[in-house]
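Read the numbers this way: they start at 1 and go in the same order the structure lists the ligands and their atoms. In this chain, numbering begins with 1 at the start of the sequence shown.
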Amino acid sequence: MSDQASRLRSMAQGQHPEAPLFAARVLAITSGKGGVGKTNVVAGLAQALAQQGQRVVVMDADFGLANLDILLGLAPKYTLEHVLRGEKVLEEILLESAYGVRIIPASSGIQELTRLDTVSELRLVQGLQRVAETADWLLIDTAAGIHDSVLKLLMAAQEVVLVTTPEPTSLVDAYAMVKVLHLRDAAKPLWLLVNNGQSLEEAQETVEQLQAATERFLGKQIRVLGMIPADPHVLQAVRQQKGVVDLFPRSPAAQTFQALAGHLLGQVSLQPGGFAAFWRQLASDDAP
Ligand SMILES: Nc1ncnc2c1ncn2[C@@H]1O[C@H](COP(=O)(O)OP(=O)(O)O)[C@@H](O)[C@H]1O
Ligand SMILES: [Mg+2]
């Protein structure tokens with residue numbers, strides 16, 4: 001087995017090699033339940049980071065429902081499937097989108113990551129390493145739920161962003177995800193992102209409920225990345241197959257992505273009181 005593949009494996013088992021596997025900051029965006037807005041979050045964060053001068057690569061790793069390319073109006077000729085089969089190298093399938101964000105497209109239904117043979121796995125990891133050399137951020141859009149292939153990606157990433165909506169079903173599934181991640185690697189940095197909140201109070205309540213459960217049952221504190229309001233501009237942008245940051249840069253959702261990017265870049269602190277002030281300001285400023 002190659003060196004890289006064995007390092008990926010040891011990371012997947014929760015061991016930390018001394019040097020990071022990738023040059024870029026690697027964030028995996030995941031959720032317990034599907035349909036909570038992961039792909040929109042990935043696209044929004046990617047565009048907002050790129051707007052701030054960051055070099056961003058996004059990998060579509062939702063092999064069940066790969067649709068990042070559709071969301072951004074791209075028509076990939078080649079996908080990860082060709083890379084795994086050795087017909088293309090990763091650089092050849094990269095697609096450039098708005099703000100220079102580069103996309104690694106997937107196709108639905110390709111072999112699960114857990115079932116990759118060593119050669120395919122190596123092609124992927126080495127390709128990602130090369131691409132990460134020319135990027136500041138590698139964002140990974142994962143499938144929802146607790147599957148080995150998803151967990152493997154989450155373990156390989158430096159940080160995990162767990163997306164939930166205030167819906168009780170989404171919240172319960174998010175807790176299950178925190179639990180599994182905690183058991184695999186209690187030290188893995190984990191961010192909570194509440195999407196699609198109808199009000200600040202609802203989003204805050206979601207945060208408090210999940211935090212209370214993880215502290216009580218797992219003794220774990222999860223950090224809050226932020227809260228993205230329910231915003232009809234998101235749906236409009238989906239329909240037009242463009243990112244909301246690109247199409248409606250002044251919309252509440254886009255402004256939130258910009259603030260979250262600043263937060264990730266360490267430029268602004270949004271918690272604990274900061275986010276509430278930010279939302280109130282958004283509510284009073286509804287120009288798209
Ligand atoms: N903040 C939001 N406001 C309004 N609608 C949203 C928001 N986030 C996501 N949506 C909608 O939710 C649906 C699912 O989003 P998607 O990103 O595809 O979820 P996932 O990737 O988790 O399956 C989309 O139709 C999208 O328009
Ligand atoms: Mg998705």
Checklist line | Short N or O distance, N67 and ligand 1, threshold 3.5 Å exclusive | finding: no

Notebook entry, point to check: Is it true that D69 and K77 have a side-chain N and a carboxylate O under 4.0 angstrom from each other?
Noted result: no

Item checked: Within-4.5 Å side-chain heavy-atom neighbours: L181 and M155 -> yes

Next item on the list: Could you tell me which residues satisfy side-chain contact (heavy atoms from CB on, under 4.5 Å) with D173, sequence neighbours excluded, listed by chain and number?
Entry: K33

Check: If you round to the nearest 0.5 Å, how far is CD of Q204 from CD of Q209?
Finding: 12.5 Å

Note to self: Is it the case that ligand 1 has an N or O less than 3.5 angstrom from some N or O of S31?
What the structure shows: no

Checklist line | L264 vs L45 side-chain heavy atoms within contact, under 4.5 Å | finding: yes

Margin query: Pairs of nitrogen or oxygen atoms closer than 3.5 Å, one from V36 and one from ligand 1: do any exist?
Written below: yes

Notebook entry, point to check: Side chains of L225 and L162: does their closest heavy-atom pair fall under 4.5 Å?
Noted result: no

Notebook entry, point to check: Looking only at protein heavy atoms, which one is nearest to atom 26 (C) of ligand 1, and how far off is it?
Noted result: N40 ND2, 3.6 Å

Next item on the list: With sequence neighbours left out, write down each residue that passes side-chain hydrogen bond (donor to acceptor under 3.5 Å, both in side chains) with Q236, or none if nothing qualifies.
Entry: none

Check: Would a 4.5 Å heavy-atom cut-off, applied to side chains only, mark V161 and V42 as touching?
Finding: no

Checklist line | Closest protein heavy atom (residue, atom, distance) for atom 9 (C) of ligand 1 | finding: N195 ND2, 3.6 Å

Notebook entry, point to check: For ligand 1, is there an atom lying under 4.0 Å from some heavy atom of A230?
Noted result: yes

Check: Is the closest protein non-hydrogen atom to atom 13 (C) of ligand 1 under 4.0 Å?
Finding: no

Margin query: So, regarding D141 and ligand 1 (criterion: nitrogen or oxygen to nitrogen or oxygen, under 3.5 Å), is there a contact or not?
Written below: no

Checklist line | Protein N, O or S within less than 2.8 Å of the Mg ion (ligand 2), waters excluded | finding: T39 OG1

Next item on the list: For the pair R25 (side chain) and W137 (backbone), establish whether a donor and an acceptor sit closer than 3.5 Å, ignoring hydrogens and angles.
Entry: no

Next item on the list: Going by heavy-atom distance to atom 22 (O) of ligand 1, choose the closest among K38, R239, M227.
Entry: K38

Checklist line | Connected via hydrophobic side-chain network under 4.5 Å: I70 and I93 | finding: no

Next item on the list: Look at atom 3 (N) of ligand 1 and say which protein heavy atom is nearest, naming residue and atom and giving the distance to 0.1 Å.
Entry: D231 N, 2.9 Å

Check: Do any heavy atoms of P229 fall under 4.0 Å from ligand 1?
Finding: yes

Item checked: Where ligand 1 meets G35 - atom numbers and elements under 4.0 angstrom, heavy-atom basis -> 14 (C), 19 (O), 20 (P), 22 (O), 23 (O)

Note to self: Geometry only, no angles: is V234 polar-contacting ligand 1 at N/O separations under 3.5 Å?
What the structure shows: no

Margin query: Is it true that, when you exclude K179 itself, more than 12 heavy atoms of the residues, nucleotides or ligands shown sit nearer than 6.0 Å to its NZ?
Written below: no

Checklist line | Protein residue, atom and distance nearest to atom 25 (O) of ligand 1, heavy-atom basis | finding: L235 CD1, 3.8 Å

Notebook entry, point to check: Under a 4.5 Å cut-off applied to non-hydrogen side-chain atoms, are I222 and Q211 in contact?
Noted result: yes

Margin query: Filter on side chain to side chain donor-acceptor pair (under 3.5 Å), then keep only pairs touching residues 82-97, sequence neighbours left out; what's left?
Written below: E81-R85, R85-E87, E91-R130

